[in-house]
Amino acid sequence: MQASASARPAESPLRVLVVEDDTDLRDALCETLADSGHVVLTAVDGQEGLRQLRATRPDVVVLDLMMPGLDGWQFRLAQRKDPVLATIPVVAISGSSNPAAAAVDAELFLRKPIDGNMLSKAIEQVIAERDKRLAPVKAAEVDRLATLGTLAAGLAHEINNPLTYVLIRLTQIVRMLPAVDRTSDNPRVHELQELARGALEGAERIRAIMSAIRTFSRIDDIAMKATDVCVPLESALKLIANELGHRARVVKQYEEHPVVMANEGRLGQVFLNLLTNAMHAVPDGAPEQNEVRVVTSTDSAGHLVVEITDTGSGMPPHVLERVFDPFFSTKPVGQGTGLGLSISRNIIAQHGGTIGVTSEPDHGTTFRITLPALVPAGVSQKVQGPTRTPT
């Protein structure tokens, strides 16, 4: 069965992993956490707790220290060794009065007996501290994106002037070469014409890329206008066309769809992120075996729908339900910030739309964006785009 997920609201429940060997206490903790609106996962010992931690990556762990086999201290040591898991906060609990218990390497320590109110407050505290700790990182990432946008705008401006000169001169060369030899039969003239046309096509491609870069450099411009969504889609596709072409065939299915009120640059940022994710989901070097499909259409309510589908590796349910979480990433450390989909969700929400995802391991992934039409359903203001399948 295909799993699905959509953007989780800020007030969505926390996912809490309870690692406790005492059945009665574990059941009581799960009940009180569930009553508080949390999603509760359980493990009966440290070894199972580590397996659950790796498989589900919860928001917080409630960890008993005194357990047979792998105890809480060993659990925490193993967690700290894994950079992907190390940042998940832990609330340690123990009935021991031994100083070693209180000195455990955890965000917070509670001595048994504990009640539900105490545990809920402890979880809220460690989550608040985690968010406070990560806030500067998020702010720095936002600043970095703004700086990159400014640099991209400057780069596009500096390149456009000499590029325009090159385009004019190449166009003149192509037009004037036949006059070099009045007979027009000189093979050298024809060869030069072909070389000039090739250079002109390359320069035109550079101009298209610069236009796409300008689109994405305007992500901080809040102004919105009537937009055909195919424009930012095409800009995003141009930016990654070369690398994507080594991985998959691109199928563009632009069906009739409404115009929307949007910020073209911000939508472009969303599409670029989704297309890049789709590209990375399929292996390199076998484009004939993989596909990235981009579809525009209109739903039953008259809203614009954009779907980006890949035939890649797909995602298991525990990853799928967290893809829009800030700082959540399945990429190796240093290769992803975990902010791309979270920012995309926020941008779509600012446009009054929704973004959701369906995926199944080994059967690919589909992201689906819905945006309100500029005019009410039934009023004619739609764009008809032909279906195109580039090679």
Side-chain angles (χ1 to χ4, degrees), residues 1 3-5 8-9 11-96 98 100-102 104-131 315-325 327-328 330 359 361:
M1 179 179 295
S4 66
R8 296 194 310 167
E11 64 273 13
S12 59
L14 295 172
R15 300 167 70 254
V16 183
L17 172 61
V18 177
V19 186
E20 169 63 64
D21 64 314
D22 185 293
T23 302
D24 292 335
L25 179 56
R26 185 175 64 251
D27 290 345
L29 292 176
C30 291
E31 182 178 350
T32 191
L33 290 172
D35 288 343
S36 297
H38 301 310
V39 175
V40 185
L41 311 166
T42 62
V44 301
D45 56 40
Q47 197 66 49
E48 183 184 351
L50 281 176
R51 287 196 297 269
Q52 284 271 41
L53 190 69
R54 294 189 179 102
T56 64
R57 299 185 187 178
D59 296 295
V60 63
V61 179
V62 176
L63 176 68
D64 183 30
L65 296 182
M66 305 296 291
M67 293 182 293
L70 190 78
D71 61 28
W73 289 275
Q74 293 168 315
F75 174 99
R76 189 60 170 155
L77 182 63
Q79 180 193 2
R80 284 295 194 189
K81 289 182 178 179
D82 188 329
V84 176
L85 307 176
T87 58
I88 298 175
V90 170
V91 177
I93 59 175
S94 178
S96 172
N98 190 314
V104 65
D105 178 21
E107 277 69 26
L108 196 62
F109 172 75
L110 299 177
R111 180 169 286 116
K112 299 175 184 177
I114 58 175
D115 58 33
N117 185 53
M118 182 188 303
L119 183 57
S120 292
K121 287 184 177 180
I123 290 173
E124 291 174 3
Q125 179 181 335
V126 298
I127 291 297
E129 290 175 352
R130 181 203 64 180
D131 292 345
M315 293 178 282
H318 72 271
V319 171
L320 187 64
E321 66 184 12
R322 300 198 64 193
V323 292
F324 294 104
D325 287 1
F327 303 103
F328 178 77
T330 59
S359 187

In a table with atom names and distances, give each donor-acceptor pair under 3.5 Å that connects a side chain of residues 70-78 to protein atoms at least two apart or in another chain.
from	atom 1	to	atom 2	distance (Å)
D71	OD1	W73	N	3.1
D71	OD1	Q74	N	2.9
W73	NE1	A100	O	3.4
Q74	OE1	D71	N	2.9
R76	NE	D105	O	2.5
R76	NH1	Q79	OE1	2.6
R76	NH2	E107	OE1	3.1
R76	NH2	E107	OE2	3.3

Sequence neighbours left out, cut at 3.5 Å: what donor-acceptor pairs do the side chains of residues 24-44 make with other protein atoms?
from	atom 1	to	atom 2	distance (Å)
R26	NH1	E20	O	2.7
S36	OG	T32	O	3.1
S36	OG	S120	OG	3.2

Just so I know, are the side chains of [X] and [Y] near enough to count as touching, which here means a heavy-atom distance under 4.5 Å?
X	Y	answer
V91	L63	no
L65	S96	no
L85	R80	no
V90	V60	no
D115	L119	no
I127	L14	yes

- Query: Under 3.5 Å, side chain of D59 to main-chain N/O of R15, donor-acceptor pair present?
  - Reply: yes

- Item | Side-chain donor/acceptor of R111 to backbone N/O of G95, under 3.5 Å | no

- Audit row: I88, V61, side-chain contact (heavy atoms from CB on, under 4.5 Å) steps and yes/no: CA-CA 7 Å; I88 298 175; V61 179; 4.0 Å; yes

- Query: If you measure from CG on L108 to CD1 on I93, what distance do you get to the nearest 0.5 Å?
  - Reply: 11.5 Å

- Nearest heavy-atom pair of P68 and D45: which atoms, and what distance? O-CB, 4.5 Å

- Task: Could you check Q125 against K121 for side-chain contact (heavy atoms from CB on, under 4.5 Å), going step by step and ending with a plain yes or no?
- Result: CA-CA 6 Å; Q125 179 181 335; K121 287 184 177 180; over 6 Å; no

